[in-house]
Amino acid sequence: MKAQHLLLIPLAMSAVDAFSALSSSSSSSSSLARRNSGIRSIRMDSESSLDASAMNSISRTLQKSNLHTSQSPIPLQQKHINTTPIHEAQVAHGMPWSDTIGQSDHEEPLLYMPFWEWQIEHMKTSLTNLKCDDDTLDANPSFAFNSNPDKKARIVSQCYTSDEYRKIRMTYYDAGDNTQVFNSVWYPDPKYNLPILGIDLLAFNRKKFLAIVDFQPLYEDETDHATTFEHRLSPIKNQYESLNGKMSSKFYDETQFFSQQMLFARFEDSSVVTDDLFPAFQRYVKMHNKLIKETEPDALTSNISKVMDRQTAYDTYSAERDPATGLFASMFGKEWADDYVFDFLFSLSEKKEGGVVIPPMFGGGGPPGGGKPSGGGNPFAPGGAKDDKAPSTNGR
């Protein structure tokens, strides 16, 4: 965690206390109640520095206490937080795409686009006060969209926030039949001490598929969360035999930030995507939403801080191990991949000197093709990882 991030809660609380002290001689007991309410309402920002988003969070807290950083109360209705309307955000950069930038022999070349479309509509109907998280994407416009026309690859990302979730990010990577990827991570608001919902779906050559959907725990001991959850996932997982694979430790330690009820699969039959993966994905998303709605939010600042510490640990762990980094580096350059991983995908992680160390991907060494862009980032394309090095369905 960056030093600036640690300042967020103390800065907001110190400002509330200082301004409250100035007016204590003339205020009534209701003023103290408002101040305490403001403190309870503090939410830590998702960014790793005191940027515009962080300052907006502090300002909102002070407003709820009838205070402002200029010592002049500003009515909440006069405060305008810039956010793109949902109906505009969901169609940005031509989304949802209906055709691929690459080559495809399939009638529906964008294999995972139905997952993207369903998730957007589900968020709109199921979450409270859903908003676009413009501050996260404004840090670098190319995070929202980037492309490599020569290699026929493109990537689009969106980011949202709601009362239930601090950050919901979505990414779609399209390189025709060579590579299709849908990735999404749902971070609960830190007032909910609950697991992170992680979704990673990949397809190469429409012959090799990888799927991971999981309630990623913040703690090794499930009982350290606000409520247990694995017993609610097992009946769903048990209905889909094709999604009951086991992840090896090539990239990740499955005892850290992975549950025993993770949906994991490597397969070569594309019908698994529509018959098993899609309905199982929907049920896991709905169950995660339900878990939050059933959980009483915790307003204690120390507990909120603890959850943020664990979400930061998750981001740090993931940024150092995400195998897709090689794909991004091969298509859009190492510098962009570093910024994208640390400033968007895992924005609470600390950027190390030299950036990320690109992990081997699906049996290959380093970026696909030994660092040379090829096959739309597909490790199984010519120039990518050799097919005879690809791991079996029993390991990652």
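Taking the ring-ring contact (aromatic ring centres under 6.0 Å, His included) definition, one finds that Trp118 meets it with His122, Phe281, sequence neighbours left out. Listed by chain and number, the residues in a side chain to side chain contact (heavy atoms under 4.5 Å, CB included) with Pro297 are Lys191, Tyr192 (sequence neighbours excluded). Applying the side chain to side chain donor-acceptor pair (under 3.5 Å) rule to Asn140 yields the partners Ser142; only residues at least two apart in sequence or on another chain are considered. The ring-ring contact (aromatic ring centres under 6.0 Å, His included) check on Tyr340 picks up Phe143, Phe328, Trp336, Phe344, with sequence neighbours excluded. With sequence neighbours excluded, the residues that form a side chain to side chain contact (heavy atoms under 4.5 Å, CB included) with Ser234 are Asn238, Gln261. Checked against side chain to side chain donor-acceptor pair (under 3.5 Å), Thr128 has the following partners two or more places apart in sequence or in another chain: Glu164. Residues passing the side chain to side chain contact (heavy atoms under 4.5 Å, CB included) test with Glu335, sequence neighbours excluded: Asp339. For Glu108, the side chain to side chain contact (heavy atoms under 4.5 Å, CB included) criterion is met by no residue, not counting sequence neighbours. Thr125 is linked by a side chain to side chain donor-acceptor pair (under 3.5 Å) to nothing, counting only residues two or more places apart in sequence or in another chain. By the ring-ring contact (aromatic ring centres under 6.0 Å, His included) test, Tyr160 pairs with no residue at all, sequence neighbours left out.
The closest side-chain donor-acceptor pair between Arg169 and Asn183 falls under 3.5 angstrom. Side-chain contact annotation: Thr161 with Asp133, donor-acceptor N/O pair under 3.5 Å absent. A donor-acceptor contact under 3.5 angstrom links the side chains of Tyr165 and Asn289, judged on distance only. One side chain, Ser184 or Gln119, offers a donor N or O that lies under 3.5 Å from an acceptor on the other. Side-chain contact annotation: Tyr187 with Asp315, donor-acceptor N/O pair under 3.5 Å present. In this model, a donor atom of one side chain and an acceptor atom of the other lie less than 3.5 Å apart for Ser347 and Lys167. In this structure, a donor-acceptor pair under 3.5 Å is present between the side chains of Ser157 and Thr171.
A distance-only check finds a donor-acceptor pair linking the side chain of Asn193 to the backbone of Asp224 [under 3.5 Å]. With hydrogens and angles ignored, the 3.5 Å screen pairs no side-chain donor or acceptor of Asp177 with any backbone N or O of Arg206. No donor-acceptor distance shorter than 3.5 angstrom exists from the side chain of Asp163 to the backbone of Asn129, with no hydrogens or angles considered. Listed for the Ser318 side chain is no donor-acceptor partner under 3.5 Å among the backbone atoms of Asp322. Not one N or O on the side chain of Gln180 forms a donor-acceptor pair closer than 3.5 Å with the backbone of Met113. In this structure, the side chain of Gln311 does not engage the main chain of Pro190 through any donor-acceptor pair within 3.5 Å.
Using a 4.5 Å heavy-atom threshold, the side chains of Phe264 and Lys246 count as separate. Contact annotation: the side chain of Asn178 never approaches that of Phe204 to less than 4.5 Å [non-hydrogen atoms, C-beta and beyond]. Put simply, the side chain of Leu210 does not reach to within 4.5 Å of the side chain of Asp200, judged on heavy atoms. Met331 has its side chain out of reach of Arg154: every pair of non-hydrogen atoms, C-beta onward, lies at least 4.5 Å apart. By the 4.5 Å heavy-atom criterion applied to side chains, Phe346 and Tyr317 are not counted as neighbours. You'll find the side chain of Asp174 reaches within 4.5 Å of the side chain of Leu110, heavy atoms only. At least one side-chain heavy atom of Ile196 sits less than 4.5 Å from a side-chain heavy atom of Leu218. Met262 places none of its side-chain heavy atoms less than 4.5 Å from the side chain of Val213.
Between Leu291 and Phe229, the closest heavy-atom pair is CD2-CB, 3.9 Å.
Judged as a ring-ring contact (aromatic ring centres under 6.0 Å, His included), the pairs with a partner in residues 84-113 (not counting sequence neighbours) are, in order, His93-Phe145, Tyr112-Phe115. A salt bridge (Lys or Arg N to Asp or Glu O under 4.0 Å) check over residues 110-126, counting only residues at least two apart or in different chains, returns the pairs Glu121-Lys124.
Electrostatic pairing of Glu230 and Lys237 does not count as a salt bridge here, judged by no charged N lying under 4.0 Å from a carboxylate O.
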Test ring-ring contact (aromatic ring centres under 6.0 Å, His included) applied to His288 and Tyr284, step by step: CA-CA 6 Å; His288 198 272; Tyr284 264 51; 9.7 Å; no

